[in-house]
Structure formats: C-alpha cells, structure tokens
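Structure first, commentary second.
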Amino acid sequence: RALLAMQTPGDITRRTGAMYLELGQGRGELHVIMLGTPIIITYPDFSAINSLTDEKLSPLKQALLLYYFLHSSGDKADGTWIAFSELPQGRIYSSAFQGYTGDSIAKQIGMNLDVFHSACTRAGGRAHEFGDASYLFSALPRVELMITYRLGDEEVPSSCVMLFDKNAGCYLPVEACAVLGSLLTQLVLRYI
C-alpha cells in the first residue's frame, strides 16, 4: 500500500485500465471489475469494497488487487493463450493448479457439456471457439482467462483446462494468477 500510495492515480490507471474518480485533493476511488463484480479501491489507502454490497473484500481478494495495481506493466493482451505452466515460474505450481481448477470443473461436469455452457455463461463467460467448448472471462481489466473443455468417451475422461493470455505475467505474479484461477473456478462451480 505504501508503494502504491507513492504513485499517481494517472500512472496507475494508465497501467491497469482502472477508472479513477477524484474526490478531493489527493484522494479518490479506483474502479475495476474483478470477475464480473464492480470493485472500488480507495486512493491513497487502497482499501477495497464490493460496490454492489459495500462489503469490504476478503484479505485474499484485497491482496490480489494490490498485486495487480503494483505489478501491472500496461502491456495489452497478446491474444496468445498459454497454460499456467508457461507463465513465469508457473511450472512449479502447474500440477496443483490443474487439480483445483480444471480437474475440479471436469469432475463436476463429466459428459454434460450443456451444464458447462450454462455455468460458464451464468458466471459471465463469453463463448469462444476452441476445443469442444470454451469461454473467455475478463478477470481484471486487461487480464483475460479462458476455460476450455474437451469431452471424453468410454476410454478417455473429459478434461478441462484454464488458459491465460500470454501477457498475464505482466500484470500478476504467478501466485496471484493461481489465486485468480481459483476464484474463477469457484465462480463457475457455484453455477453447476
């Protein structure tokens, strides 16, 4: 928070895509959408609330946003999709990440692709042509994730993989990408 408070709102918004609302001399609000939820982050103290409920965000979500504001480079999405293991330092966590994201979704969906379509749509995903079914999610401004599903058969089980835009590492360290993937998985599973 102290490092962020030394940055101007203009610099932060330029790098992150957040919107800034000036409230007075040296204070204001940064507005972002995180996985479909509008968030207000106060400036310069960087405390975050859900703007729909006025509830303070959990420490985990606040930390995720702080990482986002601190590490964002301003690079645009590349449009190239990569696995978690291809993120900087991602190979270390890739098996665990797949277990609590894609494998969790595939376990709940099985062969019922209609359930996948419904859950992803209700979670705010936009259909994308990749695999048997895929959905894009705007996780944060300039940070998109894709969940792709491949139906199995009698011999090969169905599989689900979460992919990141190639430039996701320009916005979040790998641990924060893992948290973001976990939050998206929980959101999708809520609608199954």
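For the single chain, residues carry numbers from 1 onward in sequence order. Fair warning: this is a prediction, and the values are worked out from it, not measured in the lab.
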Non-neighbouring partners of [X] that pass salt bridge (charged side-chain N to carboxylate O under 4.0 Å, His left out), sequence neighbours left out:
X      : result
Arg14  : Asp11
Glu144 : Arg126
Arg142 : none

Hydrophobic clusters here meaning ILVMFWY residues chained together by side-chain heavy-atom distances under 4.5 Å, can you tell me if [X] and [Y] are in one?
X      : Y      : value
Leu70  : Val32  : yes
Leu183 : Ile147 : yes
Val179 : Leu140 : yes
Phe137 : Leu87  : yes
Leu4   : Leu172 : yes

Do [X] and [Y] have side chains that approach each other closer than 4.5 Å (heavy atoms only, starting at C-beta)?
X      : Y      : value
Asp132 : Tyr149 : no
Ile41  : Tyr68  : no
Leu52  : Pro38  : yes

Using side chain to side chain contact (heavy atoms under 4.5 Å, CB included) as the criterion, list what pairs up with [X], not counting sequence neighbours.
X      : answer
Leu21  : Leu23, Glu29, His31
Arg122 : Ser118, Tyr191
Met6   : Leu3

Can you name the residues that form a side-chain hydrogen bond (donor to acceptor under 3.5 Å, both in side chains) with Tyr135, not counting sequence neighbours?
-> His117
Distance in Å, [X] [atom1] paired with [Y] [atom2], rounded so as to fall on 0.5 Å steps:
X      : Y      : atom1 : atom2 : value
Asp165 : Lys76  : CG    : NZ    : 12.0 Å
Leu151 : Leu113 : CG    : CG    : 4.5 Å
Cys160 : Asp103 : SG    : CG    : 8.5 Å
Ser182 : Met162 : OG    : CE    : 8.5 Å
Ser72  : Ile12  : OG    : CD1   : 10.0 Å
Leu30  : Ile39  : CG    : CD1   : 12.5 Å

Would you be so kind as to tabulate the donor-acceptor pairs closer than 3.5 Å made by side chains of residues 59-66, with sequence neighbours excluded?
residue, atom, partner, partner atom, Å
Gln62, OE1, Arg1, NH2, 2.9
Gln62, OE1, Ala48, N, 3.4
Gln62, NE2, Ala48, O, 3.3
Gln62, NE2, Leu57, O, 3.2

Take atom CD of Gln89 as the centre, draw a 6.0 Å sphere, and report whether it contains more than 12 heavy atoms from other residues, nucleotides or ligands.
-> no
Cluster partners of Ile49, using ILVMFWY side-chain heavy atoms under 4.5 angstrom, listed by chain and number?
-> Ile40
Side chain [X], main chain [Y], donor-acceptor under 3.5 Å:
X      : Y      : result
Ser158 : Gly110 : yes
Asn50  : Glu55  : no
Thr42  : Ser47  : yes

Verify the distance criterion only: is there a donor paired with an acceptor across the side chains of Ser94 and Gln98 at less than 3.5 Å?
-> no
Distance-minimising heavy-atom pair for [X] and [Y]:
X      : Y      : value
Pro44  : Gly26  : CD-O, 3.6 Å
Ser134 : Met146 : CB-SD, 3.7 Å
Ser104 : Thr185 : CB-CG2, 4.4 Å
Val161 : Leu163 : CG1-CD2, 3.7 Å
Leu35  : Leu187 : O-CD2, 3.9 Å
Cys120 : Val188 : SG-CG1, 4.3 Å

Non-neighbouring partners of [X] that pass ring-ring contact (aromatic ring centres under 6.0 Å, His included), sequence neighbours left out:
X     : answer
Tyr67 : His71
Phe97 : Phe84, Tyr100, Phe164
Tyr20 : Tyr43

